[in-house]
Amino acid sequence: MRRHTYHGRNPRVHTATYDARSPAPVTAHETTHEHPAAARPGTTAAPRVTSRDVARAAGVSQAAVSLVLGGKWRGRVSPHKADAVRAAARDLGYRPNLAARNLRMGRTRTALLVVPALTSEYFARVYTGAARAAADHGFGVVLYPSLEGIGPARDPFASARAALDGVIASSMATDALTAMRGEELPLVMLDSDPDDAQATATVNPDIADGVRRLTAHLLALGHRRITHLCAAIDSWTFHVRSAAFAEALRGVPDADVRSEPAALSVEAGLHAAHAALTRPGPRPTALLCDDDLLAAGACKAARRLGLRVPEDVSVTGIDDLALARAVEPELTTVGLPAEEVGAAGMRALMTALDGGTPEPVTLPVELLVRGSTAPPP
């Protein structure tokens, strides 16, 4: 019996065993996942799942399975059959031999997702959506944090162009990625300017609509003294929030509008809200915050000043983090479809890798009215 071992880009070692009396070893597109029992002495190995099994379960040919899992099905396999193949592969636990396929196709089948911070719930959800969409195409996702989402980013690889097929970057200026992607890798930007010519595609939640709806909600309640707790970050998404807020109040002659910049943290929100609520002159009756973290800090500041939310001051956020429902009263906020942002970004990257031209994507947001807003005192 001969044993053949190979090492691909995946750090795991894949092993195929065969002898001259047995059928030929499993081919690249048939190498699969084995049940863990196969590694334990005294147990019987679970049958290997092959592309034939996937084809049989999905009711398609093996060629169709290869096209779908190789990301080459558009125009050759119907969407219905492509969905059936992906579902069968998931249900059966089929895992293609990516190392051999990479050599055959000249791809790593790996995408890099650059996010501002690993501790952010929002970007964790973006990653979840991206990873699920990537799995449907047999891709893996490497997560890389870049501090504050701005400024230069180091290439985490010896050569990103050799290790990656494409990059998805969230809330980061495209020129910060030059060292990482060069001019060869497709780049999909999230929460970024749709007119940026350096991006292969952009995917954005409709944040301007969310801010306009938040402002309209406060105006409808009767608020006119509104302070914007704005994120002190030089990023397109936060510029859009400020512009949308100003636009929504432009036609309100009796509005008293102010702004208070702050870093994105509960502590920074507390200090900014304290400054806004203690400034000389009439106190604002509402605080519109760029983020749920700032809003949570604003609620703490109000309580420490002996003010009630929302009876004395209304507070709103953006994101709909778990924190928005953990505070009391629960936050009125704008729900952003974080998982769909990640998934749409990955789908746009797949389209670009297949030779297509992905269109800019704008996803709807949701105004969630909860207990932190009420008419002014």
Side-chain angles (χ1 to χ4, degrees), residues 7-12 14 28-33 49 51 54 58 64-77 79 82-115 123-144 155-157 159-170 177 180-181 184-190 199-203 338-358 361:
H7 298 261
R9 294 184 187 277
N10 191 317
R12 296 188 221 168
H14 301 264
H29 64 279
E30 293 173 342
T31 304
T32 58
H33 170 78
V49 179
S51 63
V54 176
V65 172
S66 295
L67 288 170
V68 172
L69 298 184
K72 297 290 187 180
W73 63 273
R74 289 175 179 81
R76 304 167 78 179
V77 179
D83 289 341
V85 168
R86 288 190 285 263
R90 283 195 300 268
D91 293 344
L92 294 174
Y94 174 72
R95 295 294 183 269
N97 182 331
L98 294 183
R101 180 193 282 175
N102 293 344
L103 291 174
R104 191 171 64 252
M105 300 179 64
R107 285 187 181 177
T108 67
R109 304 195 73 77
T110 303
L112 181 72
L113 175 61
V114 183
V115 298
F123 292 112
R125 287 157 48 197
V126 168
Y127 170 78
T128 298
R132 285 176 178 167
D136 285 341
H137 295 271
F139 262 66
V141 179
V142 176
L143 188 62
Y144 182 69
D155 186 343
F157 309 97
S159 171
R161 290 186 293 278
L164 302 169
D165 283 329
V167 177
I168 302 173
S170 182
L177 292 164
M180 192 178 297
R181 64 178 284 265
E184 299 174 20
L185 295 177
L187 170 65
V188 176
M189 294 297 298
L190 314 181
T200 306
T202 56
V203 175
E339 286 194 27
E340 181 54 25
V341 167
M346 186 58 66
R347 289 194 295 267
L349 181 59
M350 295 299 105
T351 297
L353 290 173
D354 286 343
T357 303
V361 176

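Count residues from 1 along the sequence. Computation of the quantities below employed the complete heavy-atom set of this structure, encompassing side-chain atoms and omitting hydrogens, waters and symmetry-equivalent molecules.
Using a 4.5 Å heavy-atom threshold, the side chains of Ser170 and Val114 count as separate. Counting heavy atoms from C-beta outward, Val115 and Leu143 have side chains that approach closer than 4.5 Å. For the pair Val54 and Val85, the minimum side-chain heavy-atom distance is below 4.5 Å. The shortest distance between side-chain heavy atoms of Thr202 and Leu190 does not fall below 4.5 Å. In this structure, Val126 and Glu339 have side chains that are not in contact, with every pair of non-hydrogen atoms separated by 4.5 Å or more. By the 4.5 Å heavy-atom criterion applied to side chains, Arg90 and Asp136 are counted as neighbours.
The heavy-atom pair separating Leu164 from Leu185 by the smallest distance is O-CD2, 3.4 Å. Nearest heavy atom pair, residue Phe139 against residue Ala111, reads CD2-N, 4.2 Å. The two residues Gly166 and Leu349 make their nearest non-hydrogen contact at CA-CD1, 3.9 Å. The shortest non-hydrogen separation linking Ala352 to Thr200 is CB-CG2, 3.8 Å. Here the shortest heavy-atom pairing between Met346 and Ala134 reads CG-N, 3.6 Å. The two atoms that bring Leu113 and Ala130 nearest to each other are CD2-CB, 4.4 Å, heavy atoms only.
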Stepwise side-chain contact (heavy atoms from CB on, under 4.5 Å) check, Leu112 with Ile168: CA-CA 6 Å; Leu112 181 72; Ile168 302 173; over 6 Å; no
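Ion pair Asp165/Arg109 not flagged as a salt bridge, since none of the NZ, NE, NH1 or NH2 atoms sits closer than 4.0 Å to an Asp/Glu carboxylate oxygen.
The side-chain contact (heavy atoms from CB on, under 4.5 Å) search around Glu340 returns Pro337, Ala343, Ala344, Arg347, Leu363, not counting sequence neighbours.
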